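Computed from a predicted model, the values in this text were never measured in an experiment. Numbering starts at 1 and runs along the sequence shown.
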Amino acid sequence: MQIPIATYRIQFTPEFGFANAQAIASFLAELGISHIYASPILTARKGSTHGYDTVNYNEISPELGGREQFEELIEELKQLNIGWVQDIVPNHMAFDSQNQMLVDVLENGFDSQYRDYFDITWNHHYEENRGKVLAPFLGKFCGDCLESGELQLQYDESGLTINYYSLKFPIRVESYYQVLTYDLGRLREKIGRDHPCFMKLLSVLYMLKYTPSGEEGRERYDQIAIVKRMLWELWNDSPEVKEFIEENIHVFNGEPGKPESFNLLENLLSEQFFRLSYWKVGNEELNYRRFFTVNELICLRIEEEKVFENTHALILELVKEEKFNGLRIDHIDGLYDPAKYLNLLREYAPEVYLIVEKILEPKEELPITWPIQGTTGYDFLNQVNGIFCLQSAEQEFDDIYHRFIKKEVSCEDLIDQKKRLIISKDLAGDIDNLAHLLKQISGRYRYASDFTMYGLKAALVEILAVFPVYRTYISSTGASKTDKEYIQQVLDRAKQNIPNFLNELNFIEKFLHLDFDESLKEEDKQQWLHFVMRLQQMTGPLMAKGVEDTVMYVYNRLLSLNEVGSHPAHFGISLEDFHTFNQNRLAAWPHAMNTTSTHDTKRGEDVRARINVLSEIPQEWENNLKQWRDINAPQKISVGGRDVPTPNDEYLFYQNLIGAFPFKDEEYPQFVERIQQYIIKAIREAKVHTAWLKPDTDYENAFTQFAEQVLKEPENNPFLEAFRPFQRKIQYYGVFNSLSQTLLRLTAPGVPDTYQGTELWDLSLVDPDNRRPVDYQARQEYLQEIKSKAQTDLSGLITELLQNPEDGRIKLFLTYQVLQARRQYLEVFQRGSYSKLTVAGSLKSHVVGFARELGDKKIIAIAPRFFTSLVKEGEYPLGEQIWQETRIVPPADSSPVWQDAITGQQVQGEDTLWLREILQQFPVALLVNQSEASI
């Protein structure tokens, strides 16, 4: 297995394809990257900016450059000794006419060779969905779309389709008979019964009338192909037949204003294997599993081996050819049986580096039996972020937040409220399906036969609402001790909350514990298990939508803590907990990924680093808040009797301004636009005053106008005059936080990942803001300059970088230096032990220090924090005046001489290393024991 030294995440798009990546490959190699970590590259929906909406698993995206440019990139990377970790999407595909497997299902229904590929409930409890796939994509009710002429029957070489703007839905071939026989006498009279083209059309009609089905699958496909080819030939060879078909299509498409003219098309629609509906129906009567609440993404039954083999054929081919050295599994919690999938994948790819996108709640552990190297790093992100939040300021921060928004709020209460909101709105159909499944099973047992849908649904809602983690992993192999503990915790709390439904909860408890009755048949046991595994697929989307995508935009106490995989109620973590986390990670998952920014994070790493500074100066924060609120009060617009933005949204606004405000003046106009775009996304996600499902444009426009007014004209702007001094102060300290955070990411146990562009400052907000184009030319030029100056005058370079942090070169310099050291001492970083350092002195709480050791090789990482109480703005946290008597105790049996891999300076000490000597030139340090160093 090839364990990466360091990965670099690339977001491929039609604008940044394989050729663009080839152009930066040498830059990545020079930086110290061992593997690119690529977003999905298999063919996605045209124009996709992320690649998670796959339409063809067995083709490399032509929009990214296709197989040819992919191979050229691979060759370039191999020349540079760079490997490839590939992000793959086993959970879902695009619900789109470009998805030919799905088109086949929509066209052939039960007779489709892919009918079992997608997670569709064909025998749905609602009659109108039975035997059909719901297609909830209409902008209004289906009848309205029909009579307005928005649904159009069309014909091309692929056959007859129902089109709704850019969406195309294939008509089942049996329905062609309706269209082609309508007023057939008209064509017969025009060209004659004996005309060869008429005879050919009759042959087509005969074949349509006797289309094979069922076990005659291959015959069916052959006959359909013949029918379509003959019809297309008639269309092209006979103007009369073409005109006849066009006229019939025109009749079927009806005439707006004449409702009865749409009867033919309505009848045609009723025959299809899909049911077109208003998009909101998808939230209430869904009969296919979606990715979260996204109608446009339909889930797969990847647990079926034939589905696995079909969708992974190209992926596994590229693994076998060593073009992919690692795989990243997207949304592992969405799968029916994650462990089964991972074991199957490991069986096919025994040597591949394997990581999963898995959100772990605080104190939650990854299943140790999974045959993987670990997670994509959200657990690390929240640990490292948490140590830069001053825990002792929690109560003060609570009070400031509550005073500003003029009410007290509980994060736990908000989580409960918002999860229930998502259950009742976005996931109502999913809950309904689960309840019907449970009702169907319960009817078989005398002690459950009187349970009503109402009671079963109430019990399910309560269980889902109080679930404390993304999911459990109960399967045919049983339940782990941890899963049993979570289940018991959930049931105990649910029983407290709804004592009137104890019977229903006790019944469900038997399922969740797999407490089978002795007399239960194997078939019934499988039904019980199926229910449990379906329920487990529900808890993850609920947690993601309820907490990540709702609460984290509502509970705004300190936004740096509102991050994927975090718990916003936790106000930072202790150093002791951070060290314990790293020690446990080294023991169980030494090659998991360390990340601080991803394509899914709510804020860029350096935005969080800035906002964390606020935790150190709460009173100053509150004083400024009051001043800004007073200055900006006249800019608020009243909407429906309330001033916009509301206090909670205004509180969110100021924190994001502080965190994302650009270093450079020339970026300011674009920044104002970015903030306005962010506002819309944030307040829609919050679902308080507006929402994606029901936008309140009055509120949205008022808020964006407020932002425009308070940010316009940087000169002579009362708000900016009051805001900028404080913002610059936070920005100043944020630089040091960022450097410490960067060092920790690159040196703690795990594989460090750099998200594209974040080798310089990452002042992005949530996507799509964090997927903006990266200026690689500037980065390449900066790196060449840094390498050149480092060889001639390293000390002078460091001084220059510290004095000019605005362009981010100081972060690039640190990244480069540490990655070179990581490569040089790879065994220590990949296999070495981890131990926290003993820090003594008055400033010990300001120092994060640990040692990595392997044999007689020893490396120490030192990353300071809480800089506002260390130095004044404009001063550097360097030297004796700052660090005074603060010192660390080096590992036992160390030689007395250490060399800093960042600055090149030597530090000496037998039993003590003084911070005043270590941190003389640079704010962080990476010390290598000189007995083995070869610098």
Side-chain angles (χ1 to χ4, degrees), residues 360-363 377-402 404 409 411-412 547 551-552 555-582 594-597 601-622 624-625 651-652 654-656 658-660 726 729-745 748 762 836 843-849 863-870 877 923-924:
L360 294 165
E361 290 298 293
K363 308 299 182 184
Y378 288 114
D379 42 353
F380 175 82
L381 182 157
N382 286 292
Q383 290 287 321
V384 78
N385 183 62
I387 59 174
F388 293 96
C389 174
L390 186 63
Q391 287 185 288
S392 60
E394 180 172 9
Q395 186 58 56
E396 199 170 355
F397 238 82
D398 282 346
D399 295 342
I400 291 168
Y401 179 42
H402 296 156
F404 190 87
V409 293
C411 184
E412 296 295 346
V547 181
V551 171
M552 288 188 182
Y555 185 72
N556 299 326
R557 176 182 61 173
L558 188 65
L559 292 181
S560 53
L561 304 178
N562 293 14
E563 196 47 87
V564 181
S566 76
H567 196 300
H570 293 186
F571 202 81
I573 66 164
S574 69
L575 267 186
E576 191 65 33
D577 284 345
F578 176 70
H579 289 305
T580 299
F581 168 83
N582 283 329
N594 293 348
T595 191
T596 41
S597 286
T601 42
K602 303 299 182 187
R603 285 163 195 84
E605 59 194 52
D606 301 315
V607 175
R608 290 195 305 273
R610 286 183 180 179
I611 295 174
N612 274 327
V613 176
L614 298 176
S615 70
E616 303 174 41
I617 48 174
Q619 196 54 58
E620 199 173 337
W621 164 235
E622 183 172 34
N624 277 280
L625 275 173
Y651 196 84
L652 171 139
Y654 294 136
Q655 287 186 76
N656 282 300
I658 283 172
F726 185 71
K729 177 175 182 176
I730 300 300
Q731 173 179 292
Y732 183 79
Y733 291 114
V735 165
F736 300 122
N737 268 0
S738 292
L739 296 177
S740 288
Q741 179 178 252
T742 298
L743 178 70
L744 295 174
R745 169 170 54 86
D762 177 20
K836 67 176 183 178
L843 300 177
K844 65 180 183 180
S845 64
H846 291 265
V847 181
V848 184
R865 61 178 185 157
F866 304 150
F867 293 95
T868 58
S869 54
L870 278 180
V924 300

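Formation of a donor-acceptor pair under 3.5 Å by the Ser738 side chain with backbone atoms of Ala609 is not found in this model. Within the 3.5 Å criterion, the main-chain N or O of Pro864 finds no donor-acceptor partner in the side chain of His846. In terms of modelled atom types and a separation under 3.5 Å, the side chain of Gln655 and the main chain of Ile611 share no donor-acceptor contact.
To the nearest 0.5 angstrom, Leu561 atom CG is 14.5 Å from Lys602 atom NZ. A distance of 8.5 Å separates OG in Ser392 from CZ in Phe571, rounded to the nearest 0.5 Å. Taken to the nearest 0.5 Å, the CD1 atom of Ile617 stands 10.5 Å off from the OG atom of Ser869. To the nearest 0.5 Å, atoms OG (Ser560) and CZ (Arg610) are separated by 13.0 Å. Note that the CG atom of Asn624 and the CD1 atom of Ile658 stand 7.5 Å from one another [nearest 0.5 Å]. Rounding to the nearest 0.5 angstrom, the gap separating the CG atom in Asn737 from the CD atom in Glu605 is 12.0 Å.
Taking the six-membered ring where the residue is Trp, Tyr651 and Trp621 present perpendicular rings, their angle passing 60° and hence far from 30°. Using bins of under 30°, 30° to 60° and over 60° for the plane-to-plane angle, the ring pair His567/His570 lands in the parallel bin. Ring orientation note: the planes of Phe404 and Tyr654 are nearly perpendicular, at an angle over 60° on the 30°/60° scale.
Residue pairs meeting the side-chain hydrogen bond (donor to acceptor under 3.5 Å, both in side chains) criterion with at least one member in residues 378-390, sequence neighbours excluded, are Thr375-Asp379, Tyr378-Thr598, Asn385-Asn612. A salt bridge (Lys or Arg N to Asp or Glu O under 4.0 Å) check over residues 560-569, counting only residues at least two apart or in different chains, returns the pairs Glu563-Arg608.
Side-chain contact between Arg865 and Gln741 is absent, with no heavy atoms from C-beta onward closer than 4.5 Å. No side-chain heavy atom of Arg557 sits under 4.5 Å from any side-chain heavy atom of Val409. For the pair Leu559/Val607, no side-chain contact is recorded, criterion being any heavy-atom separation below 4.5 Å from C-beta on. For the pair Phe581/Ile387, no side-chain contact is recorded, criterion being any heavy-atom separation below 4.5 Å from C-beta on. The shortest distance between side-chain heavy atoms of Thr596 and Arg745 falls below 4.5 Å. Side-chain contact between Glu622 and Glu396 is absent, with no heavy atoms from C-beta onward closer than 4.5 Å. Side-chain contact between Met552 and Pro568 is present, with at least one heavy-atom pair separated by less than 4.5 Å. Two residues are said to be in side-chain contact when any heavy atoms from C-beta on lie closer than 4.5 Å; Ser740 and Phe867 meet this criterion.
Considering all non-hydrogen atoms of both residues, Asp762 and Asp606 come closest at N-OD2, 2.5 Å. Considering every non-hydrogen atom in both Cys389 and Leu558, the closest pair reads SG-CD2, 3.9 Å. In terms of heavy atoms, Leu739 sits closest to Pro923 at CD1-CG, 4.0 Å. The two residues Ser845 and Leu575 come nearest to each other via the heavy atoms O-CD1, 4.5 Å. For the residue pair Tyr401 and Asn556, the shortest heavy atom distance occurs at OH-N, 3.0 Å.
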> side chain to side chain contact (heavy atoms under 4.5 Å, CB included) between Val613 and Lys729: does it pass, once the steps are laid out?
Replying inline: CA-CA 9 Å; Val613 176; Lys729 177 175 182 176; over 6 Å; no
> Can you list the steps and then say if Asn582 with Phe380 is a side chain to side chain contact (heavy atoms under 4.5 Å, CB included)?
Replying inline: CA-CA 8 Å; Asn582 283 329; Phe380 175 82; 4.3 Å; yes
> Going through the checks in order, is the side chain to side chain contact (heavy atoms under 4.5 Å, CB included) test met by Tyr733 and Glu616?
Replying inline: CA-CA 11 Å; Tyr733 291 114; Glu616 303 174 41; 5.9 Å; no
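Lys844 pairs by the salt bridge (Lys or Arg N to Asp or Glu O under 4.0 Å) definition with nothing, not counting sequence neighbours.
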